[in-house]
Asker: 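The structure is given below, and queries will be raised subsequently.
The residues of the chain are indexed from 1 along the displayed sequence. Treat the numbers as computed from the prediction; the structure is a model and nothing was measured.
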Amino acid sequence: MSDNVLRFVAIDPDLLPDVSDTEAGRGVVSHAFPLADRVEVNRHDGVQFIDCGSNLESVRCPACGTDLLHGGTWMDLMDTALESDMCERHSVLPCCGAHVPLENLDYHWPVGFGRFSIEAWNPGVSWFRPNKELGEGETALLRELSAVIGSPSRVFWAHI
């Protein structure tokens, strides 16, 4: 069986809120998605790549649009970043020489980089679609979560 996971991360990948703040964030997400199988908080010592599972279709250079996923370029960039425990996420892209942090590449579907995530597993909703403008309810939820964790946040789907 596969799962659909709604992942919430801070926009600032280096941010790690206090445990009490991430637990309060879990409460916000749990309240918003009462039908979810579970809501969990993942905390990490360093920045992690927080993927979208099998939803990942492409990774492109934001400067020139070159496909970085196929042909191994993106994996090479990720390997280099992992060797530095994700401390060195800025890369000079071989396609056009643009200097871009990995988190600013053009991912379709969206992904995240961060030291924590809050995840609603099989939340029982279908909103928060990629490339869709968020409605008032979704925006209000992100505002509330951002206030609790102390930083602007964003959301994306993972299919696992």
Asker: Could you list the residues that satisfy side-chain contact (heavy atoms from CB on, under 4.5 Å) with Val39, not counting sequence neighbours?
Answerer: Arg26, Val29, Ser30, Ala36, Ile118, Ala120
Asker: Closest approach of Pro62 and Val100, non-hydrogen atoms and distance?
Answerer: CG-CG1, 4.0 Å
Asker: If you draw a 6.0 Å radius around NE2 in His31, do more than 12 non-hydrogen atoms from other residues or ligands fall strictly inside?
Answerer: no
Asker: List the atom of Leu145, the atom of Gly25, and the distance in Å for their closest heavy-atom pair.
Answerer: CD1-CA, 3.6 Å
Asker: The criterion is side chain to side chain donor-acceptor pair (under 3.5 Å); which residues satisfy it with Ser153, sequence neighbours excluded?
Answerer: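 Scan of Ser153 (side chain to side chain donor-acceptor pair (under 3.5 Å), adjacent residues dropped) gives Ser146.
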Asker: Measure the spacing between CG of Leu142 and CD1 of Ile11 and express it to the nearest 0.5 Å.
Answerer: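 Atom-to-atom, Leu142:CG and Ile11:CD1 are 8.5 Å apart.
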Asker: Can you tell me if Asn4 uses its side chain to pair, donor with acceptor, with the backbone of Asn122 under 3.5 Å?
Answerer: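 Judged by distance alone, no pair lies under 3.5 Å.
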Asker: Can you list every pair that meets salt bridge (Lys or Arg N to Asp or Glu O under 4.0 Å) and has a residue in residues 45-56, with sequence neighbours left out?
Answerer: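 Output for this query lists Arg7-Asp51.
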Asker: Supply the atom-to-atom distance Asp14 CG to Phe113 CZ, rounded to the nearest 0.5 angstrom.
Answerer: 11.5 Å
Asker: Go through the structure and list residues passing ring-ring contact (aromatic ring centres under 6.0 Å, His included) with His90, not counting sequence neighbours.
Answerer: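 His99.
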Asker: For Arg38, check salt bridge (Lys or Arg N to Asp or Glu O under 4.0 Å) against everything at least two apart and list the hits.
Answerer: Glu40
Asker: Would you say the side chain of Cys61 lies within less than 4.5 Å of the side chain of Leu68, judging by non-hydrogen atoms?
Answerer: yes
Asker: Under the side-chain contact (heavy atoms from CB on, under 4.5 Å) test, which residues partner Thr22, sequence neighbours left out?
Answerer: Pro17, Val41, Arg43, Phe116
Asker: With rounding to the nearest 0.5 angstrom, report the CG to CD1 distance, Asp18 to Ile149.
Answerer: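 Taking CG in Asp18 and CD1 in Ile149, the distance rounds to 12.0 Å.
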Asker: Can you tell me how far the OG atom of Ser117 sits from the CD atom of Glu119, to the nearest 0.5 Å?
Answerer: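 Output value for this atom pair is 4.0 Å.
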Asker: Under a 4.5 Å cut-off applied to non-hydrogen side-chain atoms, are Leu15 and Arg115 in contact?
Answerer: no
Asker: Report the C-alpha separation of Phe156 and Ile50 in whole Å, then their side-chain angles, then the decisive distance to 0.1 Å, and conclude whether the side chain to side chain contact (heavy atoms under 4.5 Å, CB included) test is met.
Answerer: CA-CA 10 Å; Phe156 60 91; Ile50 303 169; 3.8 Å; yes
Asker: Is there a side-chain contact between Val28 and Phe8 (heavy atoms, below 4.5 Å)?
Answerer: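 Val28 vs Phe8: side chains apart.
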Asker: Should side-chain heavy atoms under 4.5 Å link Ile, Leu, Val, Met, Phe, Trp and Tyr, which residues sit in the same cluster as Ile160?
Answerer: Val5, Trp121
Asker: Quick one: CG on Leu105 to CG on Leu93, what's the gap to the nearest 0.5 Å?
Answerer: 6.0 Å
Asker: What distance do Asp85 atom CG and Gln48 atom CD have between them, rounded to the nearest 0.5 Å?
Answerer: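 Spacing of CG (Asp85) from CD (Gln48) equals 8.5 Å.
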Asker: Within the structure provided, determine whether Trp109 and Trp157 are in side-chain contact (heavy-atom separation under 4.5 Å).
Answerer: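 Trp109 reaches Trp157 side chain to side chain.
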Asker: Checking His70 now: which residues fulfil ring-ring contact (aromatic ring centres under 6.0 Å, His included) with it, not counting sequence neighbours?
Answerer: none
Asker: Clusters formed by hydrophobic residues whose side-chain heavy atoms approach within less than 4.5 Å: which one holds Val92, and what are its other members?
Answerer: none
Asker: Excluding sequence neighbours, so at least two apart, what forms side-chain contact (heavy atoms from CB on, under 4.5 Å) with Leu69?
Answerer: Leu56, Val59, Asp67, Trp74
Asker: Ignoring hydrogens, what is the shortest heavy-atom contact between Ala158 and Gly53? Give both atom names and the distance.
Answerer: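 Looking at all heavy atoms of both residues, the closest pair is CB-N, 4.2 Å.
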Asker: Applying salt bridge (Lys or Arg N to Asp or Glu O under 4.0 Å), which residue pairs with at least one partner in residues 102-113 are found, sequence neighbours left out?
Answerer: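 Salt bridge (Lys or Arg N to Asp or Glu O under 4.0 Å) check on residues 102-113 returns Arg89-Glu103.
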Asker: Could you pull out all residues at least two apart from Ala147 that satisfy side-chain contact (heavy atoms from CB on, under 4.5 Å)?
Answerer: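 With neighbours one apart ignored, the set is empty.
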